[in-house]
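Note sheet for the following structure.
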Amino acid sequence: MWNFRPKIHHLLLNLLNKINEMSKVKAAITAVAGYLPDFVLSNAELEKMVDTTDEWITSRTGIKERRILKGEGMGTSVMGAAAVEKLCQKRGIDPKEIELLICATVTGDMVFPATANVICDKVGATNAWSYDINAACSGFLYALSTASKFIEAGTHKKVVVVGADKMSSIIDYTDRATCVIFGDGAGAVLLEPNEEGFGIQDSLLKSDGSGRKYLFQKSGGSNYPPTIESVTNREHYVHQEGQAVFKFAVVGMADVAEEIMKRNNLTADDISWLVPHQANKRIIDATAKRCGLDDEKVMLNIHRYGNTTSGTLPLCLMDYEGQLKKGDNILLAAFGGGFTWGSIWLKWAY
Ligand code: UT7
């Protein structure tokens, strides 16, 4: 006689775990908005500024144009605040209802206070507490995951996550290796509790600070405070060893995306959309391939905005919002300076 008892017991336990998991409050994105500056810097324009060609930029990165925020006193908070204002209008809420606002950025208005504080002041989110997260191109993922915990814990009902960067403020427009890649922009999402099982399901985040030698801004921090020499030596700009970063990024981003699928028993058929960080079309293609996802499931706007660092993921969600359906399984993935990288699996809630 076969003894089926252990098997049934195991199945029941699994079922109970699933029910328990589903009945937990999840943090769901309930609105998305963004802001892109009007000024368009095209590849043709860059050809006049540095020794490059539209052909090189397009074939190596996939970028055609990027946006630049112009004007004195126009910092990252200008874009972040515009995104949050639109977000509140879309959801029909008063900014005073926001309880917490987290801003992911590497180009804060100032070293301190936090740009999140400034955004709250600008939009009138007077009841929110707020802080910045610096995780370079993975910043939005780090912030989204952190924010979700406040909703899941039941202590917060409305949390805003902003991903915003004015990369043009730290880019050397005489360095063809970096100036063609980056652009300015901001995206924002609202997180609210969801009891139907929609929202963030799992997140997998990683960092390895030994990668800092490949991608950094040397001066301006406490290691090397600003001096006349640091400015003369152009040390306040992004330094990137492109090929080295590429090698880590192309493996790292695909690894986490694949791992989060595996540990949640998700197949390529289960995934509706991949939302990849927009650093290089070749890295995006490699991640999609590893996950077994066809091009039509991959969100892409690198050709229009370049790499907006913390802004890429929410700006993708904004651009593709009209095509998303309630219950869609969405996989976000990023790799960036630090190194930092990670992936989030969520179920679209509206
Ligand atoms: O988002 C944060 C994480 N960052 C990334 O994920 C970026 C990862 N890296 C990359 O995306 C790529 O490495 C880049 C797009 C930055 C560079 O592409 P690449 O295919 O790795 O080029 P490379 O650095 O190996 O340079 C190849 C050649 C070099 O010339 P030589 O030495 O072969 O004569 C460069 O000097 O291309 C030259 N080059 C350019 N040529 C025309 C570099 N930049 C340019 C340019 N236009 N803008």
Side-chain angles (χ1 to χ4, degrees), residues 24-34 76 80 83-84 87 91 98-106 114-116 119 128-153 155-165 185-194 197-207 253 256-257 259-260 264 271-278 299 308-321 324 328-338 340-350:
K24 274 191 202 154
V25 169
K26 302 251 189 263
I29 293 176
T30 54
V32 54
T76 293
V84 174
L87 186 76
R91 186 66 179 145
I98 302 170
E99 293 156 304
L100 164 63
L101 184 144
I102 305 176
C103 179
T105 187
V106 294
T115 297
I119 293 173
W129 63 290
S130 58
Y131 60 92
D132 287 355
I133 282 183
N134 176 342
C137 296
S138 311
F140 184 76
L141 285 186
Y142 273 46
L144 187 64
S145 179
T146 307
S148 71
K149 307 299 174 201
F150 292 95
I151 300 279
E152 288 163 10
T155 55
H156 292 65
K157 301 266 181 276
K158 284 187 173 51
V159 180
V160 169
V161 181
V162 181
D165 270 302
V189 300
L190 177 66
L191 285 184
E192 294 182 83
N194 185 292
F198 300 111
I200 290 164
Q201 309 291 316
D202 193 14
S203 57
L204 174 62
L205 301 170
K206 304 206 177 223
S207 68
M253 201 159 106
V256 280
E259 191 180 337
I260 207 165
N264 289 289
I271 304 294
S272 307
W273 293 99
L274 172 68
V275 193
H277 173 51
Q278 311 280 306
M299 293 192 189
T308 54
T309 303
S310 311
T312 60
L313 299 178
L315 285 171
C316 274
L317 291 174
M318 176 187 83
D319 282 352
Y320 283 80
E321 187 190 21
L324 303 182
D328 275 355
N329 283 309
I330 299 183
L331 208 59
L332 298 100
F335 188 97
T340 56
W341 66 111
S343 185
I344 288 181
W345 165 41
L346 60 85
K347 279 185 183 290
W348 198 246
Y350 64 99

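Note that the coordinates shown come from a computational prediction; the quantities given were computed from them, not determined experimentally. Each residue takes its place number in the sequence, starting with 1.
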Do [X] and [Y] have side chains that get closer than 4.5 Å, going by heavy atoms?
X: Val275; Y: Met299; result: yes
X: Val256; Y: Lys206; result: yes
X: Tyr131; Y: Leu100; result: yes
X: Leu144; Y: Leu191; result: yes
X: Leu317; Y: Trp348; result: yes
X: Leu87; Y: Val160; result: yes
X: His277; Y: Ser138; result: no
X: Trp273; Y: Ile271; result: no

[X] side, atom [atom1]; [Y] side, atom [atom2] - distance, nearest 0.5 Å:
X: Tyr320; Y: Asp328; atom1: OH; atom2: CG; result: 13.5 Å
X: Ile200; Y: Leu346; atom1: CD1; atom2: CG; result: 6.0 Å
X: Thr340; Y: Phe335; atom1: OG1; atom2: CZ; result: 7.0 Å
X: Ile151; Y: Lys157; atom1: CD1; atom2: NZ; result: 7.5 Å
X: Phe140; Y: Ile102; atom1: CZ; atom2: CD1; result: 10.5 Å
X: Leu204; Y: Ile344; atom1: CG; atom2: CD1; result: 9.5 Å

So which heavy atom on [X] is nearest to which on [Y], and how close?
X: Ala83; Y: Ala186; answer: CB-O, 4.2 Å
X: Thr308; Y: Asp165; answer: O-CB, 3.5 Å
X: Cys103; Y: Ile119; answer: SG-CD1, 4.0 Å
X: Ala136; Y: Asn134; answer: N-OD1, 3.4 Å
X: Gly199; Y: Lys26; answer: CA-CB, 4.5 Å
X: Cys137; Y: Ala334; answer: O-CB, 3.7 Å

Decide side chain to side chain contact (heavy atoms under 4.5 Å, CB included) for Ile29 and Leu190; before the verdict, give the C-alpha distance in whole Å, the side-chain angles of both, and the deciding distance to 0.1 Å. CA-CA 6 Å; Ile29 293 176; Leu190 177 66; over 6 Å; no
Just jot down the side-chain hydrogen bond (donor to acceptor under 3.5 Å, both in side chains) partners of [X], sequence neighbours excluded, or say none.
X: Ser343; value: none
X: Asp202; value: Arg263, Asn264
X: Thr309; value: none
X: Glu321; value: Lys90, Tyr350

Compute whether any side-chain donor of one residue and acceptor of the other, for Thr105 and Asp132, lie under 3.5 angstrom apart. no
Please lay out, stage by stage, how Asn329 and Leu331 fare under the test side chain to side chain contact (heavy atoms under 4.5 Å, CB included). CA-CA 7 Å; Asn329 283 309; Leu331 208 59; over 6 Å; no
Taking the six-membered ring for Trp, are His156 and Phe150 parallel (under 30°), tilted (30 to 60°) or perpendicular (over 60°)? perpendicular
Could I get the full list of salt bridge (Lys or Arg N to Asp or Glu O under 4.0 Å) partners for Glu192, not counting sequence neighbours? Arg91, Lys158
Determine which pairs satisfy side chain to side chain donor-acceptor pair (under 3.5 Å) with at least one residue from residues 140-150, sequence neighbours left out, and list them in order. Ser145-Ser203
